[in-house]
Amino acid sequence: MIRFGTSGWRGIVSDEFTFSNVRRVAHAAAGSVKESPEVGHNSDEYRQFLAGTAPSRVPTVVVGYDTRFLSEEFAREVASVFANDGVRTLFSAADLPTPAAAWAVLAHKAVGGVMITASHNPGNYNGFKWMPYWAARRRRRSPTIWNDASSSWATTP
């Protein structure tokens, strides 16, 4: 079972945190990014966040990962799902801390980002942390549902 908590979902690797479940969550996130009228690529709030810059035709999402077991592989799976679902993906060239991924969301004006990390949870856990375009766990309102750093992100087609 996939249970969501603060900023996302965490679980024991190979138990509930599996490649199959990661793909399921990534498909759901891609759908939200593309279609949510409240927090998606075409939402009024995202357009305000862009400060007058028109969004690209294809939404952009950042994907990063930490040093945990299989984090990079899980992140590549997320990026693959996003790309297959029509979401442009900026993929981290190396492991990084969560705040760096949040910075990349802001710096690239992405509609959001995924960080594969289990944060403070035990080593046998991993997680899927969603960072919306405001790059924080919380907003002022609840939704329904570095100078060199740019060079460390690769774009998937």
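Follow the hydrophobic side-chain contacts under 4.5 Å out from Leu50 and you reach Tyr133 in the same cluster. Placement of Val63 and Val81 in two distinct hydrophobic clusters is found when ILVMFWY residues are connected by side-chain heavy-atom separations under 4.5 Å, directly or transitively. A continuous path of hydrophobic side-chain contacts links Trp130 to Val22 [ILVMFWY only; heavy atoms under 4.5 Å].
Across all non-hydrogen atoms, the minimal contact from Ser92 to Leu96 is OG-CD2, 2.9 Å. Here the shortest heavy-atom pairing between Lys129 and Thr98 reads CD-CG2, 3.7 Å. Between Pro122 and Arg68, the shortest heavy-atom contact is O-NH1, 2.8 Å. In terms of heavy-atom proximity, Gly86 sits nearest to Pro59 at O-CD, 4.1 Å. Annotation for Ala110 and Val62: closest pair CB-CG2, 4.1 Å, computed over non-hydrogen atoms. Annotation for Leu90 and His108: closest pair CD1-CG, 3.4 Å, computed over non-hydrogen atoms.
A search for side-chain contact (heavy atoms from CB on, under 4.5 Å) contacts involving Phe4 returns Ile2, Trp9, Val25, not counting sequence neighbours. Listed by chain and residue number, nothing satisfies the salt bridge (Lys or Arg N to Asp or Glu O under 4.0 Å) test with Arg10 (two or more places apart in sequence, or in another chain).
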Please report the C-alpha distance between Val87 and Lys34 in whole Å, then the side-chain angles of each, then the deciding distance to 0.1 Å, and finally whether the side chain to side chain contact (heavy atoms under 4.5 Å, CB included) criterion is met.
CA-CA 8 Å; Val87 177; Lys34 291 167 60 177; 3.8 Å; yes
Verdict with supporting geometry, Asp95 and Thr67, side-chain hydrogen bond (donor to acceptor under 3.5 Å, both in side chains)
CA-CA 6 Å; Asp95 58 77; Thr67 60; 5.7 Å; no
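The shortest distance between side-chain heavy atoms of Ser71 and Asp66 falls below 4.5 Å. Annotation: side chain of Ile116 is in contact with side chain of Val78 (closest heavy-atom distance under 4.5 Å). With a 4.5 Å cut-off on side-chain heavy atoms, Val61 and Arg88 do not count as touching. Looking only at side-chain heavy atoms (C-beta outward), Asn42 and Pro37 stay at 4.5 Å or farther from each other. Between Phe128 and Met115, the closest side-chain pair of non-hydrogen atoms is not below 4.5 Å. For the pair Val13/Leu70, a side-chain contact is recorded, criterion being any heavy-atom separation below 4.5 Å from C-beta on.
Note: Thr60 OG1 to Phe82 CZ = 11.5 Å, rounded to the nearest 0.5 Å. Here the OG1 atom belonging to Thr18 is positioned 11.5 Å from the CG atom belonging to Asn126, to the nearest 0.5 angstrom.
Remark: Lys109 qualifies as a cation-pi partner of Phe49 under the 6.0 Å distance and 45° angle criteria applied to the six-membered ring.
In terms of modelled atom types and a separation under 3.5 Å, the side chain of Ser36 and the main chain of Val33 share no donor-acceptor contact. In terms of modelled atom types and a separation under 3.5 Å, the side chain of Ser56 and the main chain of Val58 share a donor-acceptor contact. No donor-acceptor pair closer than 3.5 Å links the side chain of Ser119 to the backbone N or O of Thr117.
Sorted by first and then second residue, the pairs that involve residues 19-31 and meet side chain to side chain donor-acceptor pair (under 3.5 Å), not counting sequence neighbours, are Asn21-Arg24, Arg23-Glu77, His27-Asp85.
A tilted orientation is assigned to the rings of Tyr46 and His41, their planes being inclined by 30° to 60°.
For Asp15, the CG atom counts as densely surrounded, since its 6.0 Å shell holds more than 12 non-hydrogen atoms of other residues, nucleotides or ligands.
Tested against Phe74 for a ring-ring contact (aromatic ring centres under 6.0 Å, His included), the candidates Phe69, Tyr65, Phe19 yield a single pass: Phe19.
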